[in-house]
2 protein chains.
Amino acid sequence: MVVHILAHNHEEILKKVKSELPEDELICDLADLFKVFGDTTRMKILYSLFESEMCVCAIAELLGMAQSAISHQLKVLKNANLVANRREGKTVYYFLADNHVRTIVAQGFDHLIEKHQKQK
Amino acid sequence: MVVHILAHNHEEILKKVKSELPEDELICDLADLFKVFGDTTRMKILYSLFESEMCVCAIAELLGMAQSAISHQLKVLKNANLVANRREGKTVYYFLADNHVRTIVAQGFDHLIEKHQKQK
DNA sequence: CATTCATATGATAACATATTCATACGTATT
DNA sequence: AATACGTATGAATATGTTATCATATGAATG
């Protein structure tokens, strides 16, 4: 008598993986963090701040965008704790909040490079 | 005679930062890569694959979503070289393409933790 | 205290994205 | 070759996101 193995019994894998999966909230927070890196304008802002702190209107000029757009994006970056700011008179200077930003971007960069090399 | 400094002369900063900014294409590619991490469903899939390779329908069952939705997202992950797959009969198994994925996610995780601790 | 400059914010419109449904494709089995 | 199963894909819808405009806020200055 032949014992038929069910084509798709995932029970064991599912049980194992399910037990190791982090809470939904953590996963959402992570996704939300990466979402912040996932926009060209914000990435440009971050790269700019790699070089130097900058005021809002300088960034706007650099990227050729409206000051308002930059302000909105800086708010997003600030909410994610990626940048911080300081006021000096009328001017507000933004700068990187910590070095994680560089590390995360650098990791992404490495991945791109590797991907690129594989495709040769 | 008092020399007035123009309130907002960014020329020097702009020149410096501009010269250091990577090409638009690189920045776009980077943003596009992080965009892939920036979705809860995809992040759940990645976390699942941390544990074990899985077939499409197992992931669908695990996440309680339609098989089609998972297929679509797996395609996005594959296009970004974050996952790869192998066929075994009718079944297609997906797995992490390399360890960058873990590293990138871990960096994001670290940032979240630090942010959380600062808020205490 | 009215004005100017720098920044922030709210509303809106244009665009992008994710999920589902329906269905097609590919593989194995009878 | 007909069927069943697992996966992929296209279209459509619902939902999010981004940039801009208009305008408000906040700080310095005459």
Side-chain angles (χ1 to χ4, degrees), chain A residues 2 4-10 13-14 27-28 31-46 49 53-80 83-95, chain B residues 2 4-10 13-14 27-28 31-46 49 53-80 83-95:
Chain A
V2 178
H4 284 273
I5 295 164
L6 278 175
H8 259 89
N9 179 10
H10 318 108
I13 285 265
L14 284 191
I27 296 208
C28 282
D32 284 345
L33 173 63
F34 285 115
K35 211 173 286 178
V36 177
F37 288 94
D39 174 84
T40 306
T41 300
R42 287 190 293 264
M43 188 58 77
K44 281 180 186 170
I45 294 177
L46 291 176
L49 299 184
E53 70 168 15
M54 284 207 268
C55 65
V56 179
C57 62
I59 301 175
E61 197 179 332
L62 178 67
L63 303 193
M65 290 174 62
Q67 168 268 321
S68 168
I70 303 301
S71 249
H72 280 299
Q73 297 296 18
L74 284 169
K75 193 177 187 180
V76 174
L77 290 166
K78 199 182 170 195
N79 283 341
V83 306
N85 59 16
R86 69 184 178 83
R87 178 149 221 147
E88 197 173 285
K90 288 176 274 186
T91 308
V92 177
Y93 291 94
Y94 281 82
F95 50 91
Chain B
V2 177
H4 284 273
I5 295 166
L6 278 175
H8 259 86
N9 178 10
H10 317 109
I13 285 264
L14 284 191
I27 295 207
C28 281
D32 284 344
L33 173 63
F34 286 115
K35 212 175 284 179
V36 177
F37 288 95
D39 174 84
T40 307
T41 299
R42 287 191 292 265
M43 188 59 78
K44 280 181 186 168
I45 294 176
L46 291 176
L49 299 183
E53 70 169 13
M54 284 207 267
C55 65
V56 180
C57 62
I59 300 175
E61 196 179 331
L62 178 68
L63 303 193
M65 290 174 63
Q67 169 267 320
S68 168
I70 303 300
S71 249
H72 280 298
Q73 297 295 18
L74 284 169
K75 193 176 187 181
V76 174
L77 290 166
K78 199 183 170 196
N79 283 340
V83 306
N85 59 14
R86 68 184 177 84
R87 179 152 221 145
E88 196 171 287
K90 287 175 276 187
T91 308
V92 178
Y93 291 94
Y94 281 82
F95 50 91

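In what follows, chains are A, B, ... by sequence order, proteins preceding strands, each numbered from 1. The figures here come from the full heavy-atom set of this structure, side chains too, leaving out hydrogens, waters and symmetry mates.
Proximity note for B:Asn85 (side chain, C-beta onward) versus C:dT17, D:dA8, D:dA19: the nearest is D:dA8. Of the candidate nucleotides D:dA27, D:dT20, D:dT17, D:dA27 has the atom lying nearest to any side-chain atom of A:Arg87. Nearest nucleotide to the B:Lys35 side chain, out of C:dT9, C:dT17, C:dA18: C:dT17. With distances taken from any side-chain atom of A:Lys90 to the nucleotides D:dG6, C:dA8, D:dG26, the minimum falls on D:dG26. Checking C:dT20, D:dA19, C:dT19 against every side-chain atom of B:Ser68, the shortest atom distance belongs to C:dT20. When distances run from any side-chain atom of A:Gln67 to the nucleotides C:dT7, D:dT7, D:dA19, the shortest one goes to C:dT7. Minimum atom distance to the side chain of B:Val56 is reached by D:dA8, of the listed D:dT20, D:dG6, D:dA8. You'll find that the side chain of A:Lys75 is closest to C:dT9, out of C:dT9, C:dT20, D:dA19.
Whole-Å rounding puts the A:His10 NE2 to D:dG6 P distance at 7 Å. Taking atom CG of residue B:Asn79 and atom C1' of nucleotide C:dT17, one finds them 15 Å apart after rounding to whole Å. Distance CD (B:Gln73) to C1' (C:dA18): 6 Å, rounded to an integer number of Å. Regarding A:Glu88, its CD atom lies at a distance of 13 Å from the C1' atom of D:dA28, rounded to whole Å. Protein atom CE of B:Met65 is 12 Å distant from nucleotide atom P of C:dC21, rounded to whole Å. A:Asp39 places its CG atom 12 Å from the P atom of C:dA16, with the value rounded to the nearest Å. Atom CE in A:Met43 sits roughly 17 Å away from atom P in D:dT17 (whole-Å rounding). The distance between atom CD1 of B:Ile70 and atom C1' of C:dC21, rounded to the nearest whole Å, is 16 Å.
Contact between the side-chain N/O atoms of B:Tyr94 and the OP1/OP2 oxygens of D:dG6 is not found at any separation under 4.0 Å.
Listed for the A:Arg42 side chain is no donor-acceptor partner under 3.5 Å among the backbone atoms of B:Ala31.
In terms of position along DNA chain D, the nucleotide closest to A:Gly38 lies nearer the 5' end than the nucleotide closest to the other residue of the pair A:Gly89 and A:Gly38.
Across all strands shown, A:Ala69 has heavy atoms under 4.0 Å from base atoms, whether or not it also approaches the sugar-phosphate. Across all strands shown, B:Tyr93 has no heavy atoms under 4.0 Å from either base or sugar-phosphate atoms.
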- side chain to side chain contact (heavy atoms under 4.5 Å, CB included) between B:His10 and A:Cys55: does it pass, once the steps are laid out? CA-CA 9 Å; B:His10 317 109; A:Cys55 65; 3.5 Å; yes
- Could you check B:Glu53 against B:Arg86 for side chain to side chain contact (heavy atoms under 4.5 Å, CB included), going step by step and ending with a plain yes or no? CA-CA 10 Å; B:Glu53 70 169 13; B:Arg86 68 184 177 84; 2.3 Å; yes
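Residues B:Tyr94 and B:Val92 approach most closely at CE1-CG1, 3.6 Å, considering heavy atoms. The minimum heavy-atom distance between B:Val36 and B:Leu77, with the atom names listed, is CG1-CD2, 3.6 Å. Nearest heavy atom pair, residue A:Arg87 against residue A:Gly89, reads NE-O, 3.1 Å.
For B:His72 and C:dT19, the ring-to-base geometry does not satisfy the stacking test (centroid distance below 5.5 Å, interplanar angle below 30°).
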